[in-house]
Protein chains: 2
Amino acid sequence: MPAQTNITPRSKDYAQWYQDVIACAELAEPANVVKGCMVIRPHGYAIWEKIEDDLDRRFKATGHKNAYFPLLIPLSFLAKEAQHVQGFAMECAVVTHSGLRAVDGKLEVRNQLEEPYVVRPTSETIIGHFFSKWIDSYRDLPLLINQWANIMRWEMRTRLFLRTTEFLWQEGHTAHATHEDSQAEVLRMLDVYRDFAHEVMAVPVIRGVKTANERFAGAIETRCIEAYMQDGKALQAGTSHDLGQNFGKAFDITFQNKTGQREHVWQTSWGVSTRLVGALIMAHSDDEGLVLPPKLAPIHVALVPIWRKPEEQARVLEVAERVAKELREDGLEVVLDDRDDVRPGEKYYHWERRGVPIRIELGPRDIDAGVAMIKLRVVPEGTDPKAAKKTIPLADIGVSIGKELDAFQAFLFERAKKRMHDSIVKVDSWSEFEKVFADQGSRFVLAHWDGTTETELAIKEATKATVRCLPYPEDVPGFDPRETGRCVKTGKPSAQRVLFAKNY
Amino acid sequence: MPAQTNITPRSKDYAQWYQDVIACAELAEPANVVKGCMVIRPHGYAIWEKIEDDLDRRFKATGHKNAYFPLLIPLSFLAKEAQHVQGFAMECAVVTHSGLRAVDGKLEVRNQLEEPYVVRPTSETIIGHFFSKWIDSYRDLPLLINQWANIMRWEMRTRLFLRTTEFLWQEGHTAHATHEDSQAEVLRMLDVYRDFAHEVMAVPVIRGVKTANERFAGAIETRCIEAYMQDGKALQAGTSHDLGQNFGKAFDITFQNKTGQREHVWQTSWGVSTRLVGALIMAHSDDEGLVLPPKLAPIHVALVPIWRKPEEQARVLEVAERVAKELREDGLEVVLDDRDDVRPGEKYYHWERRGVPIRIELGPRDIDAGVAMIKLRVVPEGTDPKAAKKTIPLADIGVSIGKELDAFQAFLFERAKKRMHDSIVKVDSWSEFEKVFADQGSRFVLAHWDGTTETELAIKEATKATVRCLPYPEDVPGFDPRETGRCVKTGKPSAQRVLFAKNY
């Protein structure tokens, strides 16, 4: 089936643009036949695999080990932590039967289970159960586990990658002897996520602490990284939770300390999901389609050989194959597009829409001159279109392309960072606040807030903007958390500005 | 929690031995609270990750791409292929509701779904649905997709890794323009599995064709690799199915051929699962615990420093750390066991039970002599226990250890191959056949069979032995498929001998 090629401009309909970019790059599609689910197609899954690989290395380097726990969770487990069940009960898929039978040619359920199971919406409860078996002494701590798994949350409004009934994720679950230790883990893993977002996704993020209202159900504190999308909205890209002793007490996870007394463990959990792919798309892509940072691009280079006369074809292809081989030996993924029933222009278009960072054009005259023409997927705004193409020597082409990819990775990060920083604004009056968030508007707003959930919800009700976090000062230029003031909505005293935005 | 340390000898109770090996190595444990499920613990999961990595490379090298399809399958999809639904309906977990509510402090299900979903027992149906959307022209073929996923089949009798309600696997799904192409794919992927089993798992397998009775539900032919376990039983380690046009017709997957006509595609599917970990354990382990081939061992070397006087400790540890660093730079996983409250003997025992291929002992006198003592996890039967330890120079220790690991990998394969070949026997009388399979007995038996399902089932009923496959002649020494004869049970004419064994 030929892929969709039409992309609605961002300025016209941002939500449609997002869907079009995904369709044109063949990253994923709605499953439709399975409520709110998606199919992750090969090009989209290849991005997720690169995300997994890099994060997995970072988790292992910080001492975590992977394990695998059951998909199904007994109903009674979910009920054990009061906050937790409140947060997830409404959106759980429930398994009630263990077989089917044909009745009058139609399939019906059979074998009702004594106790239903839920498909895991997150695994604190089932993992808590096993931690209680595995942990006995302070010598068993810290216990640092990660799981790569599928998760199911019955969502009403779904959007590819960003919010789907089933999604893929990793969930870290750790247990510690002291609150000091578990708090350090929460901070450590949040920084792992921040480093990954910056270094690999080229997406700048703001670290921060969530309000009580936005906290994970069952946590005593939730920290997050918030990313800036091109429409001014925020996307929560990862969270790291201080679970205190809540699950330790609910699942009776205790250890004997060095003085021989039994204590409940202190726990953390932290996760990122396939929604990172959505963040990636929204942060970098443009009206021509997908844009990917080289470190997550399944294909780094699209090599398009060009010939007019048949006798040129063999000669150009021979050199093209040599170039492709050289680049592959440097660890790059190269597609040599030698289709002979497709014109070069169509090929350019095809690979552009799929976010390939660099295109190499190679024709007979280039070969005679010992050069190739390259074009980056994106050039800085205002670049003369003619200057967008560069000529590079064929000798040592691997080194040149490597440098171009590094520079492209850095360019995307700087561009996204500038967008985010340009967006940040301090707002001190309610009328101005309403104006920023009117209609589809959003940006990163630093405003005073009286600290109550009541006001937070009233602001959301009025503007759709929410408190994204109490940001880390070093992540927000010009932000001083010591600056007190008056709540933008109620005028009551405020201890500090917080970050507001509409969000995905 | 201290790990179990007691292992029942194989000769006493093979099934208990298997469980003990797993418990002592902390590979996995029954979930109990979730019917028939298991928790894969970090040491077990690390083996599975290595299996995944290697196979994934092989799939990609043969042109396959990974994708991800929904966990849930609409009931109506399952019903579309008549054989398929018969094969799986009895063991499907069924999702009937999408939420919970608290009633009198107890959780109850709410939001009954219009159409229930099954948790995928395999994905031919849901993938078939999407193939029908993606395939339109012969240019879209072959379509070569693989999925890494969790699977659920409600099993009555479960056994860690070998048969669990939920398991992890990969499932390849491909579509082709001709039966010739799809048949070639079936053979190609079976050989990928065979190569992996031999080269990486060090487990010899026999390739073959399944009987109609043992065929995958919905396939027109199923091929398999059968591995030999130490108790004489067979373990089906992987399958590759020729699906013909069965799912193509059920899901209306058609393409326009080069002459402009529409045809149904020809499909294959193939898979291996976490049961490979069970095969690995049963093939190599012994009464001292887990034995692992180096290519799948999460830890290659356990380095145990030895000191008596406190003043020796620092000196020995310094050299041990240098050795560990050198080995790690060679890409080996090394654990330096420097616990100072555990005696060396206990450490040896600890790492032996976890299947670490090589132990290095390093004491002050070794260092003075510029050597280290090594011990392989297993030595050839009949080796003088004193000769089981070797002295190797510290200079170039990385090269020496690398050679030892290669030799150990080869040794395990040869040992397992000899066991399998020694087991194979031709049996021509029913009384002899019954004797081989009496009580717990099993071996690989080549016997004549009249080719009917009726006789196959009668033999199974009488002896618990089943036809494992019609083997590839090159995989079975002394086997000539042209040799006709008389069925060992009925005396009716037989076209060829087939492979019988009890199986897991």
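Everything numeric here is computed off the predicted structure, so don't read it as measured data. Below, read A as the first sequence line, B as the second, and so on, with proteins coming before strands; counting in each chain starts at 1.
For the side-chain contact (heavy atoms from CB on, under 4.5 Å) with A:Arg120, the lone residue among A:Ile127, A:Thr125, A:Leu71 that qualifies is A:Leu71. With A:Arg58 as the fixed residue, the side chain to side chain donor-acceptor pair (under 3.5 Å) test singles out one of A:Asp54, A:Thr62, A:Asp56: A:Asp54.
In this structure, chain A has a heavy atom under 4.5 Å from the side chain of B:Met152, while its backbone stays farther away. Heavy-atom distances place the side chain of B:His129, and not its backbone, under 4.5 Å from chain A. For chain A, the nearby part of B:Phe77 is the side chain; its heavy atoms alone come within less than 4.5 Å. Only the side chain of B:Asp341 comes within contact range of chain A, judged by heavy atoms closer than 4.5 Å. With a threshold of 4.5 angstrom between heavy atoms, A:Gln147 does not approach chain B through any atom at all. Heavy atoms closer than 4.5 Å to chain A are found in the side chain of B:Val109, but not in its backbone. With a 4.5 angstrom heavy-atom cutoff, A:Glu91 touches chain B only via backbone atoms. For B:Asn146, no part sits under 4.5 Å from any heavy atom of chain A, backbone or side chain. Residue A:Arg139 touches chain B through its side chain alone, counting heavy-atom pairs closer than 4.5 Å. When heavy atoms are compared at a cutoff of 4.5 Å, B:Lys35 approaches chain A by way of both its backbone and its side chain. When heavy atoms are compared at a cutoff of 4.5 Å, A:Pro70 approaches chain B by way of both its backbone and its side chain.
Contact check for B:Trp134 versus B:Leu143: side-chain heavy atoms found under the 4.5 Å cut-off.
Side-chain rings of A:Phe69 and A:His173 stay apart, their centers remaining 6.0 Å or farther from each other.
Open room surrounds NZ on B:Lys106; 12 or fewer heavy atoms of other groups in view lie less than 6.0 Å from it.
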